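Remember, predicted model here, so these are calculated numbers, not experimental data.
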Amino acid sequence: MTTSSPPAKSAAASTIGTVAKTALWTAAARARESARADRLFADPLASWLAGSEGVELLDHFDTRHAADGGNPFLAIRTRWFDDFMSVPGSPDVSQVVGLGAGLDARAIRLPWPQGTTLFEVDQADLLAYKENRIHESELRARGERRMVPADLAGDWVSALLAAGYRPDLPSVWFAEGVLFYLSEQVAGSVLERAAAVCPPGTRLAVDLIGTGIFRLPYTSEFLDRLAAAGSP
């Protein structure tokens, strides 16, 4: 079995918690996909948000696909969620909630209708880093962005309501690359709490991974590297 130490912290992202570092890696993967001629999407903020540490993490986690440019799953997943968010819903939908939003830049790169409010729920240190990086760039959101610093294992619903989310209005929710970092109990609680504040007609997209992943030789080295980086 190959072992590898996680990359050292960079000054720019040193305040981000260990688990949230996977957001830097994902941003770097989005930047790599955006640079391809046959890209599935274009994320103009991905490279800016990933920084040098994100690139190092991308190299650290790409254990099986180095020859063809890394794990293609991340790009396919992002495109799938983009398509889900772009499906026309109720004309009254004006709220979008990202659970564990990380360094997702959909608020900026997708063509949201005028009047759309996007709530980004995630750890305070990660959101602070994201806000600083976006502020330093010249890109701005197409809709109104509202940061919701909260732990998904805690009372994030109260924080969401305090940020102005209205349970009486139709909304679209997404949790990309989030639930499988939570215990089964916490993941179930997140979905139950979301359902409690969603009116009929709400659309929700999540991705899940079965426990069989722990028995696949194909993923064993990748899982070891995640654990070594503090993000099991």
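Applying the side-chain hydrogen bond (donor to acceptor under 3.5 Å, both in side chains) criterion to Ser171, with sequence neighbours excluded, gives Tyr165, Trp173. Not a single side-chain hydrogen bond (donor to acceptor under 3.5 Å, both in side chains) links Thr211 to another residue, sequence neighbours left out. Listed by chain and residue number, nothing satisfies the salt bridge (charged side-chain N to carboxylate O under 4.0 Å, His left out) test with Arg193 (two or more places apart in sequence, or in another chain). A search for side-chain hydrogen bond (donor to acceptor under 3.5 Å, both in side chains) contacts involving Glu184 returns nothing, not counting sequence neighbours. Remark: Asp151 pairs with no residue by the side-chain hydrogen bond (donor to acceptor under 3.5 Å, both in side chains) rule, at least two apart or across chains. The side chain to side chain contact (heavy atoms under 4.5 Å, CB included) test applied to Ser158 returns Asp155, not counting sequence neighbours.
In this structure, Thr26 contributes its side chain and Thr22 its backbone to a donor-acceptor pair below 3.5 Å. Without hydrogens or angle criteria, Thr202 side chain to Val172 main chain gives no donor-acceptor distance under 3.5 Å. A side-chain donor-acceptor contact under 3.5 Å links Arg140 to the backbone of Ile134. A donor-acceptor contact shorter than 3.5 Å links the side chain of Asp122 to the backbone of Ala101. With Arg203 contributing its side chain and Phe84 its backbone, the two residues share a donor-acceptor pair below 3.5 Å. In this structure, the side chain of Tyr129 engages the main chain of Leu49 through a donor-acceptor pair within 3.5 Å. Although no hydrogens or angles enter the test, the distance criterion places a donor-acceptor pair under 3.5 Å between the side chain of Lys130 and the main chain of Gly102.
Electrostatic pairing of Glu131 and Arg133 does not count as a salt bridge here, judged by no charged N lying under 4.0 Å from a carboxylate O.
The two residues Ser34 and Asp43 come nearest to each other via the heavy atoms OG-N, 2.9 Å. For the pair Pro199 and Pro167, the tightest heavy-atom approach, listed with the atom from each and the gap, is CD-O, 3.2 Å. Across every non-hydrogen atom of Ala28 and Ala50, the tightest pair is N-CB, 3.4 Å. Of all the heavy atoms in Val178 and Gly100, the pair that sits closest is CG2-O, 3.5 Å. Residues Pro149 and Ala159 come closest through the heavy atom pair O-CB, 4.2 Å. In plain terms, the two heavy atoms of Trp80 and Ala205 that are nearest each other are CZ3-CB, 3.9 Å.
In the hydrophobic cluster analysis, where Ile, Leu, Val, Met, Phe, Trp and Tyr join through side-chain heavy atoms closer than 4.5 angstrom, Phe119 is grouped apart from Leu169. Using a 4.5 Å cut-off between side-chain heavy atoms of Ile, Leu, Val, Met, Phe, Trp and Tyr, with links allowed through other members, Leu103 and Leu179 fall into different hydrophobic clusters. Trp156 and Phe180 sit in two unconnected hydrophobic clusters of ILVMFWY residues. Membership requires side-chain heavy atoms under 4.5 Å apart, directly or through other members. Under the 4.5 Å side-chain heavy-atom criterion for Ile, Leu, Val, Met, Phe, Trp and Tyr, Leu160 and Leu126 are members of distinct hydrophobic clusters. Follow the hydrophobic side-chain contacts under 4.5 Å out from Val97 and you reach Leu182 in the same cluster.
Residues Arg146 and Leu118 fail the side-chain proximity criterion, which asks for heavy atoms closer than 4.5 Å. Residues Trp48 and Leu139 are not in side-chain contact: their nearest non-hydrogen atoms beyond the backbone lie 4.5 Å or more apart.
Note that the CD atom of Glu53 and the CD atom of Glu56 stand 6.5 Å from one another [nearest 0.5 Å]. Atoms CG and OG, on Asn132 and Ser137 in that order, are 11.0 Å from each other to the nearest 0.5 Å.
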Contacts table for residues 104-114: side-chain donor-acceptor under 3.5 angstrom, sequence neighbours left out:
unit_1, atom_1, unit_2, atom_2, d
Asp104, OD1, Arg106, NH1, 2.5
Asp104, OD2, Arg106, N, 3.1
Arg106, NE, Asp82, OD1, 2.7
Arg106, NH1, Glu176, OE1, 2.9
Arg106, NH2, Thr78, O, 3.2
Arg106, NH2, Asp82, OD1, 3.3
Arg106, NH2, Glu176, OE1, 2.9
Arg109, NH1, Asp82, OD2, 2.7
Arg109, NH2, Asp82, OD1, 2.9
Arg109, NH2, Asp82, OD2, 3.1
Trp112, NE1, Arg106, O, 2.7

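For residues 156-171, the set of pairs meeting the salt bridge (Lys or Arg N to Asp or Glu O under 4.0 Å) definition, not counting sequence neighbours, comprises Arg166-Asp168. Residue pairs satisfying the salt bridge (Lys or Arg N to Asp or Glu O under 4.0 Å) criterion with at least one member in residues 205-218, sequence neighbours excluded, are listed as follows: Arg77-Asp207.
Apart from Leu127 itself, the hydrophobic cluster it occupies contains Met147, where clustering links Ile, Leu, Val, Met, Phe, Trp and Tyr at side-chain heavy-atom distances under 4.5 Å. Residue Phe41 belongs to a hydrophobic cluster whose other members are Leu40, Ile76, with links defined by side-chain heavy atoms closer than 4.5 Å.
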Quick one: do Glu120 and Arg145 satisfy salt bridge (charged side-chain N to carboxylate O under 4.0 Å, His left out)? Show the steps, please. CA-CA 7 Å; Glu120 301 185 0; Arg145 290 176 60 241; 3.3 Å; yes
